Amino acid sequence: MANHFTDNPALQFELQHPLLERIASLKEQDFSLADAEPEAPFSLADAKDSYARVLATMGAITATTMKANAEGVDIEGPSLDEGRVHYAQGTKHNLLRLQQAGLYGMILPRQYGGLNIPLTVYTMCAEMIGSADPSFCNIWSLQDCAQAIYEFGTEEQKATLLSRVAKGETLSMDLTEPDAGSDLQAAMLRATYDADNDCWRLNGVKRFITNGDANIHLVLARSEEGTTDARGLSLFIYDANDGGVDVRRIEHKLGVHGSPTCELVYNNARATLCGDRKMGLIKYVMSLMNCARLGIAAQSVGLQQAALEEAKNYAAERKQFGKTIAELAPVYQMLGNMQARLDASRTLLYETARYVDLYKALEATSRWRKLEPEERKELKTAARLADCLTPLAKLMNAEFAIQSCYDGLQVHGGSGFMMEYPIQRLMRDARVTNIYEGTSQMQVVAALRYVTNGTYTALHSEWSNKAVAPELLPLQAKATAMGTAYETALAHVKATEDVEYLDFCARALVEMAALTLMAHLLLYNATQNYSLFEHSVQAFILLAESETMRHHTAILSSSPSTLNAYRPSKI
């Protein structure tokens with residue numbers, strides 16, 4: 001039987017990373033929880049075996065049930081009846097299978113019915129779902145919101161809501177509004193305190209809300225009357241059991257049809273405050289968005305995996321000029337590049353996930369014991385790396401997913417343009433990955449401060465000095481040269497002391513930083529398992545070197561005056 005985990009050696013490779021051992025030990029309190037929690041692992045080996053079994057269960061469901069349902073879900077989609085959303089039949093089946101398997105709320109502590117699974121393992125599950133049905137990934141991955149309730153909610157909120165999530169109830173993040181998309185500080189949905197009932201009341205409209213008719217909603221709303229900026233926004237929890245919210249419409253989208261994207265009308269809806277007032281956008285939504293961006297990065301890797309499999313299978317069967325098209329250089333070059341982008345995206349995804357995992361595990365540890373000085377330093381480093389890597393993972397993996405799905409359709413030729421081939425669905429589904437949860441342009445903005453403060457330069461230097469297999473030394477030299485080209489381009493831009501010119505060059509600089517780092521990460525993987533990554537590391541560094549030097553040439557050939565050709569009055 002097909003299995004998206006046991007059939008994928010690259011995914012199994014990521015489960016063996018040494019840092020995951022540290023994360024597991026922290027999450028299980030040095031494996032001391034087994035006495036009080038019978039389901040807790042008693043050793044590192046037991047924990048890793050548990051993770052592998054969870055992944056194998058998810059791999060079986062995604063490779064069979066979800067993949068089989070994907071086309072039907074795409075055609076049927078959700079429906080709207082009297083303000084309520086009804087999922088497609090295949091989506092309902094997917095939800096039921098995961099509920100039966102106990103794969104909801106997996107990252108929650110066991111006291112709330114969760115599995116206490118590391119975020120890295122959860123991200124692997126998201127990748128597998130993304131490869132089976134990217135639209136369902138949008139529903140399942142929103143259980144990230146439960147982590148926000150766990151971290152910032154009251155004990156009563158956690159006790160009331162988290163066990164429901166572990167049983168399979170769904171969640172949504174209600175952030176964007178008709179006039180507040182990327183600029184979330186412009187959100188104006190009103191929250192007023194109802195003293196008679198000791199609750200808050202929400203009134204207004206939310207738009208483009210993924211899984212908008214969920215059981216539990218996290219809602220960004222303006223709690224401070226007379227404010228217009230982020231300082232007036234708070235985060236609230238709305239329980240659909242209380243009523244007061246109707247779905248006005250389900251958006252008719254290009255792709256991810258199984259995931260209902262809704263416009264919601266809040267009409268005096270009862271809600272409770274999550275965390276402190278005025279911190280909704282400044283603290284809580286930023287945490288939510290970082291988790292969501294990691295989820296989209298995982299979905300993007302799953303899309304690349306699916307597109308590659310569809311393209312390889314088609315190329316191996318389709319014959320032209322007396323041979324299969326897989327034997328033709330223009331085709332196998334495309335397939336090789338798809339594989340290289342996939343492996344590079346995956347290594348960046350899990351490098352990011354591990355650091356998010358590590359700093360969250362250390363933060364959780366600090367709640368039950370005092371951290372040692374070296375652990376406080378470790379927490380600070382992990383948080384910084386998680387913050388600087390997340391926008392890179394979202395940016396690069398989404399852009400690579402779109403490119404690989406586009407290339408996969410090209411391998412199919414005219415057949416790919418026909419609706420009966422899954423590759424057209426994958427291409428439609430992929431197109432939103434560089435838009436939602438922060439556009440690629442917003443990821444560049446988030447990453448830019450790590451360009452200017454030298455964080456990426458320091459990472460390149462650190463990775464350039466790591467030992468690699470002898471046969472990989474020429475490729476490491478190329479990756480190091482890419483880092484030097486990045487530094488030269490950055491120095492050229494900074495020397496102008498022109499902020500607008502820096503913004504103009506930002507996308508190129510961030511991509512150069514990301515490509516160089518991905519090259520080094522892939523070199524690490526190839527050093528650990530040469531046979532598995534030999535071809536990908538060669539192909540990716542060839543691609544990355546070419547793209548890096550293109551950006552380098554463009555930046556060094558430009559100056560602040562170049563902007564004149566692009567100003568609105570000139571276009």
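None of these values were measured; they are calculated from a predicted model.
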Would you say the side-chain atoms of [X] pair up with the backbone N or O of [Y], donor to acceptor, closer than 3.5 Å?
{"X": "Arg428", "Y": "Leu254", "answer": "yes"}
{"X": "Ser131", "Y": "Met128", "answer": "yes"}
{"X": "Tyr436", "Y": "Phe208", "answer": "no"}
{"X": "Glu251", "Y": "Cys262", "answer": "no"}
{"X": "Lys394", "Y": "Gly438", "answer": "yes"}

Quick one about [Y] and [X] (side-chain donor to acceptor, distance below 3.5 Å, no hydrogens or angles considered), yes or no?
{"X": "Ser25", "Y": "Asp30", "answer": "yes"}
{"X": "Asn138", "Y": "Gln299", "answer": "yes"}
{"X": "Asn211", "Y": "Tyr87", "answer": "yes"}
{"X": "Asp387", "Y": "Tyr359", "answer": "no"}
{"X": "Asn529", "Y": "Ser531", "answer": "yes"}
{"X": "Asp133", "Y": "Ser135", "answer": "yes"}
{"X": "Thr62", "Y": "Lys67", "answer": "no"}
{"X": "Gln304", "Y": "Ser345", "answer": "yes"}
{"X": "Glu151", "Y": "Gln147", "answer": "yes"}

In Å, rounded to the nearest 0.5 Å, how long is the span from [atom1] of [X] to [atom2] of [Y]?
{"X": "Tyr355", "Y": "Cys388", "atom1": "OH", "atom2": "SG", "answer": "9.5 Å"}
{"X": "Asp429", "Y": "Cys405", "atom1": "CG", "atom2": "SG", "answer": "8.0 Å"}
{"X": "Met289", "Y": "Leu184", "atom1": "CE", "atom2": "CG", "answer": "6.0 Å"}

pair [X]-[Y]: side-chain heavy atoms closer than 4.5 Å:
{"X": "Leu15", "Y": "Met124", "answer": "yes"}
{"X": "Leu218", "Y": "Ile237", "answer": "yes"}
{"X": "Met173", "Y": "Val285", "answer": "no"}
{"X": "Tyr238", "Y": "Ile216", "answer": "no"}
{"X": "Arg110", "Y": "Leu33", "answer": "yes"}
{"X": "Ser172", "Y": "Thr210", "answer": "no"}
{"X": "Trp463", "Y": "Thr516", "answer": "no"}
{"X": "Glu39", "Y": "Ser50", "answer": "no"}

If you look at every heavy atom in [X] and [Y], which pair is closest and at what distance?
{"X": "Tyr112", "Y": "Ala166", "value": "O-CB, 3.5 Å"}
{"X": "Gly153", "Y": "Lys158", "value": "O-CE, 3.8 Å"}
{"X": "Leu426", "Y": "Leu303", "value": "O-CD2, 3.7 Å"}
{"X": "Ala361", "Y": "Leu26", "value": "CB-CB, 3.9 Å"}
{"X": "Asp174", "Y": "Ile209", "value": "OD1-CG2, 3.1 Å"}
{"X": "Ala10", "Y": "Asp343", "value": "CB-OD1, 4.3 Å"}

Checking Asp357 against Lys27 for the salt bridge (Lys or Arg N to Asp or Glu O under 4.0 Å) test, could you report, in this order, the C-alpha distance in whole Å, the side-chain angles of both residues, the deciding distance, and whether it holds?
CA-CA 9 Å; Asp357 234 351; Lys27 287 189 72 67; 5.2 Å; no

Classify the ring geometry of His412 against Tyr314: parallel below 30°, tilted from 30° to 60°, perpendicular beyond 60°.
parallel

How are the rings of Tyr524 and His17 set relative to one another: parallel (under 30°), tilted (30 to 60°) or perpendicular (over 60°)?
tilted

Determine, step by step, whether Asn69 and Asn94 satisfy the side chain to side chain donor-acceptor pair (under 3.5 Å) criterion, reporting the C-alpha distance in whole Å, the side-chain angles of both residues, the deciding distance to 0.1 Å, and the verdict.
CA-CA 8 Å; Asn69 287 338; Asn94 294 342; 3.0 Å; yes

Evaluate the criterion side-chain contact (heavy atoms from CB on, under 4.5 Å) for residue pair Cys125 and Leu55; output intermediate values, then yes/no.
CA-CA 7 Å; Cys125 291; Leu55 289 165; 3.8 Å; yes

In this structure, which one of His217, Arg164, Gln157 forms a side chain to side chain donor-acceptor pair (under 3.5 Å) with Asp239?
Arg164

Near [X] [atom1], under 6.0 Å, is it more than 12 heavy atoms from other residues, nucleotides or ligands?
{"X": "Glu156", "atom1": "CD", "result": "no"}
{"X": "Lys312", "atom1": "NZ", "result": "no"}
{"X": "His535", "atom1": "NE2", "result": "no"}
{"X": "Lys167", "atom1": "NZ", "result": "no"}
{"X": "Tyr406", "atom1": "OH", "result": "no"}
{"X": "Lys380", "atom1": "NZ", "result": "no"}

I'd like to know whether Gln16 forms a side chain to side chain donor-acceptor pair (under 3.5 Å) with Lys48, so could you lay out the CA-CA distance, the side-chain angles of the two residues, the decisive distance to 0.1 Å, and finally the verdict.
CA-CA 8 Å; Gln16 304 307 317; Lys48 292 178 77 171; 3.1 Å; yes

Test: Arg293 and Asp144 ion pair at under 4.0 Å
no

Chi angles and distances behind the side-chain contact (heavy atoms from CB on, under 4.5 Å) call for Ile61, Leu103:
CA-CA 11 Å; Ile61 294 171; Leu103 294 178; 4.1 Å; yes

Kindly say whether the aromatic ring centers of Phe533 and Phe13 come within a distance under 6.0 Å.
yes

Would you say the ring centroid of Phe152 lies under 6.0 angstrom from that of Tyr284?
yes

Would you sort out whether Met58 and His4 count as a side-chain contact (heavy atoms from CB on, under 4.5 Å), showing the intermediate values?
CA-CA 8 Å; Met58 180 64 83; His4 281 159; over 6 Å; no

Arg369 vs Glu375, salt bridge (Lys or Arg N to Asp or Glu O under 4.0 Å): CA-CA, chis, key distance, verdict:
CA-CA 12 Å; Arg369 69 166 173 83; Glu375 289 179 319; 2.9 Å; yes

Evaluation steps, side chain to side chain donor-acceptor pair (under 3.5 Å), between Gln12 and Asn8:
CA-CA 6 Å; Gln12 295 171 57; Asn8 191 333; over 6 Å; no

Of Glu351, Glu127, Arg354, the residue whose pairing with Glu14 passes side-chain contact (heavy atoms from CB on, under 4.5 Å)
Arg354

Should Leu264 and Val247 be marked as a side-chain contact (heavy atoms from CB on, under 4.5 Å) after you check the CA-CA gap, both sets of side-chain angles, and the distance that decides it?
CA-CA 5 Å; Leu264 306 179; Val247 179; 3.7 Å; yes

Evaluation steps, side chain to side chain donor-acceptor pair (under 3.5 Å), between Gln305 and Arg346
CA-CA 10 Å; Gln305 181 73 54; Arg346 184 176 279 128; 2.8 Å; yes

